[in-house]
Amino acid sequence: MKLRVGIVATCLMLAGCGERTAVDREPDTRVAVTPDAPSTPDTRDIPVIQEVLLTPMTPSDNIDSPASWTTVDGQRWLIATAKATDRLVVYDGQTGAHLRNVGATGKGAGQFKRPNGIAVVDDLVFVVERDNHRVQVLSLPAFKHVQTFAAEQLQKPYGLWINKAGDGYQVYVTDAYMAGEDAQGEDILPPLDQLDKRVWRFDVARHGDALVAKTIGSFGDATADGALRVVESIWGDPANDRLLIAEEDETYANELKVYDLAGKYAGKTIGRGVFKAQSEGIMLKTCGDGSGWWLTTEQGKGRTVFHLFDRKTLAHTGAVTGAQVANTDGIWLDASTSERFPEGVLYAVHDDQGVVAFDWRDIAKALSLPVCQAP
């Protein structure tokens, strides 16, 4: 998210997964990406891994967030939101090749206005539309409209996380509403006691081929430590009753707030003092023994840094950076196996123009992570 915040209206283990063994494989064909030069030098000693694919670069789209889905015949689709052209862009998730575009500008079914957050679960793709103030659900593979909800509750939504619960879904949506603009056109942050609706929760139930959405409520802490000033990225870990929500107000801090699934602030933040730029995309790598890692994004203009935190303790495990990728908004971790990505793949938006991918094995090797057996 690139969001201006001007006047502020208030004061402000790595758990044992087993020993990792070396992976022998032929080197992949790598890609070269040219980012903008960093505004200030970053001299941290961070392991560098190479991107293994790059989608076509389309600056006019303003690509924001990716998600992926595997077809019944084993193809992997990489689906990204295009904020400026009001559509979804679909790529081959194994090669990066462009496959098709979906949608057009509008308020109708299958149309979009500033699509931002995206998530795929089962055969459904959920898309948050900032300027239509809603969540739209399409069925795959046809991208057929199934349901639209939340337009009466949301003001300026950005990101979402979906918790599959039985035959239905618990949908969490972040809402970065503001209190207007000042004389210079800068956003005015609401006072703390008005930040209690930063995240909305909806229950979405299946009824045959239809979906029915029910509003559960909203939440947001009103204390200086727990308040969600500027929000977009959110992800959850039901096994540990935990939500991580990125704080994107850089005038306050670069960090992630820890909440429980009921929406209560856990009294803890992570990343402050570690992140040197805005916190962005969040994903969770889970292992069969209950361990794993949170993957979080530091959105540097000159380069993106991916920070890993222990799933259970939230201790900082380490960080990696791509050889070229920069200015990353959304990320998506696909843990499913494929011939090209036997242990999964991390997709990351590059400079608002396309998506790159990292082989999980390269991340694990760079940080000497133990083997993570699939759940």
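When a residue number appears, it is its place in the shown sequence, counting from 1. We use all heavy atoms of the structure for the numbers below, so side chains are in, but hydrogens, waters and symmetry mates are not.
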Student check: side-chain heavy atoms of [X] and [Y] closer than 4.5 Å:
{"X": "Lys285", "Y": "Leu333", "result": "yes"}
{"X": "Ser233", "Y": "Glu248", "result": "yes"}
{"X": "Leu53", "Y": "Arg340", "result": "yes"}
{"X": "Glu298", "Y": "Ile46", "result": "no"}
{"X": "Arg242", "Y": "Val258", "result": "yes"}
{"X": "Val305", "Y": "Lys276", "result": "no"}
{"X": "Ile270", "Y": "Trp294", "result": "no"}
{"X": "Val230", "Y": "Asp187", "result": "no"}

Under a 3.5 Å distance rule, please check whether [X] uses its side chain to pair with a backbone N or O of [Y] as donor and acceptor.
{"X": "Arg311", "Y": "Asp237", "result": "no"}
{"X": "Glu51", "Y": "Gln324", "result": "yes"}
{"X": "Asp260", "Y": "Ala262", "result": "yes"}
{"X": "Asn62", "Y": "Ala82", "result": "no"}
{"X": "Asp359", "Y": "Phe341", "result": "no"}
{"X": "Thr297", "Y": "Gly281", "result": "yes"}
{"X": "Tyr259", "Y": "Asp221", "result": "yes"}
{"X": "Ser279", "Y": "Glu255", "result": "yes"}

Please report, to 0.1 Å, the donor-acceptor pairs under 3.5 Å made by any side chain of residues 131-138, with sequence neighbours excluded.
residue, atom, partner, partner atom, Å
Asn132, ND2, Gly106, O, 3.0
Asn132, ND2, Glu129, OE1, 2.6
His133, ND1, Arg130, O, 3.1
His133, ND1, Gln155, O, 2.7
His133, NE2, Asp131, O, 3.4
Arg134, NE, Glu129, OE1, 3.4
Arg134, NE, Glu129, OE2, 2.6
Arg134, NH1, Lys107, O, 2.7
Arg134, NH2, Lys107, O, 3.4
Arg134, NH2, Gly108, O, 3.1
Arg134, NH2, Gln111, O, 3.0
Arg134, NH2, Glu129, OE1, 3.4
Arg134, NH2, Glu129, OE2, 3.2
Gln136, OE1, Gly110, N, 2.5
Gln136, NE2, Gln111, O, 2.9
Gln136, NE2, Glu129, OE2, 2.8

Pairing donors with acceptors under 3.5 angstrom, does anything connect the side chains of [X] and [Y]?
{"X": "Arg76", "Y": "Ser336", "result": "yes"}
{"X": "Ser291", "Y": "Asp289", "result": "yes"}
{"X": "Gln153", "Y": "Thr215", "result": "yes"}

Stacked cation flag Arg198 on Tyr177, 6.0 angstrom / 45 deg: yes
Within 45° cone and under 6.0 Å: Arg272 NZ/CZ vs Tyr252 ring: yes
For Val72, the rest of its hydrophobic cluster, which grows through side-chain links under 4.5 angstrom: none
Common cluster, Val128/Ile331, ILVMFWY with side-chain heavy-atom separation under 4.5 Å: no
Shared hydrophobic cluster for Ile245 and Trp200 (ILVMFWY, side-chain gaps under 4.5 Å): no
Test ring-ring contact (aromatic ring centres under 6.0 Å, His included) applied to Phe306 and Phe275, Phe358, Trp293, the passing residue: Phe358
Passing candidate, ring-ring contact (aromatic ring centres under 6.0 Å, His included) with Trp332, options Tyr347, Trp77, Trp235: Trp235
Gap between atom CG of Asp352 and atom CG of Asp64 - 0.5 Å precision: 7.5 Å
Pairwise distance CD(Gln278) to CD(Glu247) - rounded to 0.5 angstrom: 9.5 Å
Of Val231, Asn254, Leu189, the residue whose pairing with Asp249 passes side chain to side chain contact (heavy atoms under 4.5 Å, CB included): Leu189
Option from Val127, Asp61, Ile63, Asp86 for which side chain to side chain contact (heavy atoms under 4.5 Å, CB included) with Thr81 holds: Val127
Working for side chain to side chain contact (heavy atoms under 4.5 Å, CB included), residues Val349 and Glu280: CA-CA 11 Å; Val349 168; Glu280 259 290 351; over 6 Å; no
Heavy-atom neighbours of Asp73 CG exceed 12 at 6.0 Å: yes
